[in-house]
Amino acid sequence: MVHRDLLLAANAIEKVRALRVRAERDLAASGAVGELRDKLEREFKQTGGMGEAWRTAAPSELASRTRVVSFTRGVLTIHAPDAATRYRVEQWLRGGGRQMLSGCAPTTIKRVVVRAGGQPGR
């Protein structure tokens with residue numbers, strides 16, 4: 001009888017242990033997600049959140065072709081791939097876009113610089 005009670009207790013303990021074991025985590029996507037998180041954190045740190053304000057305020061055809069490179073001491077720097085896009089961005093800013101951008105921005109914008117061609121950030 002004692003032997004049977006011990007077996008039942010051992011079986012009950014094994015059932016509890018089986019339920020408490022955590023499933024193996026699938027870490028296949030963690031590397032890509034981590035890289036994306038790091039990239040977004042780096043972008044946010046460089047732009048002070050102005051990237052989101054630019055994507056919100058700018059027309060979609062300009063926002064898709066340009067990107068915010070930096071925001072330092074109130075100066076927002078935007079990279080355009082070519083001179084034509086740079087011209088269109090500057091015209092949009094002069095035509096009321098600057099006020100829209102300032103309204104969406106998390107902080108005060110003193111000046112907006114649009115650079116064309118070359119590598120972003122230079």
> Do Arg86 side-chain atoms and Arg115 backbone N/O form a donor-acceptor pair below 3.5 Å?
Replying inline: no

> Does Glu61 pair with Arg65 as a salt bridge, N-O distance under 4.0 Å?
Replying inline: no

> Heavy-atom count around Arg88 CZ within 6.0 Å, excluding the residue itself: above 12?
Replying inline: no

> Are Val112 and Val69 in one and the same hydrophobic cluster, where Ile, Leu, Val, Met, Phe, Trp and Tyr link if side-chain heavy atoms are under 4.5 Å apart?
Replying inline: no

>> With a 3.5 Å distance limit and no angle check, can you tell me whether Arg98 reaches the backbone of Ile109 through a side-chain donor-acceptor pair?
In response: yes

> Does any donor atom in the side chain of Thr47 or Trp54 lie under 3.5 Å from an acceptor atom in the other side chain?
Replying inline: no

> Could you state the interatomic distance from CG (Leu76) to NZ (Lys110), rounded to the nearest 0.5 Å?
Replying inline: 13.5 Å

> Who passes side-chain contact (heavy atoms from CB on, under 4.5 Å) against Arg73, sequence neighbours left out?
Replying inline: none

> Is a salt bridge present between Glu43 and Arg55, judged by a nitrogen-to-oxygen distance below 4.0 Å?
Replying inline: yes

> Which heavy atom in Gly49 sits nearest to a heavy atom in Phe44, and how many Å separate them?
Replying inline: CA-CE1, 3.3 Å

> Which ILVMFWY residues are connected to Leu36, directly or by a chain of links, through side-chain heavy atoms under 4.5 Å apart?
Replying inline: Leu40

>> Which residue in the set Leu62, Thr66, Val113 passes side-chain contact (heavy atoms from CB on, under 4.5 Å) when paired with Ile78?
In response: Thr66

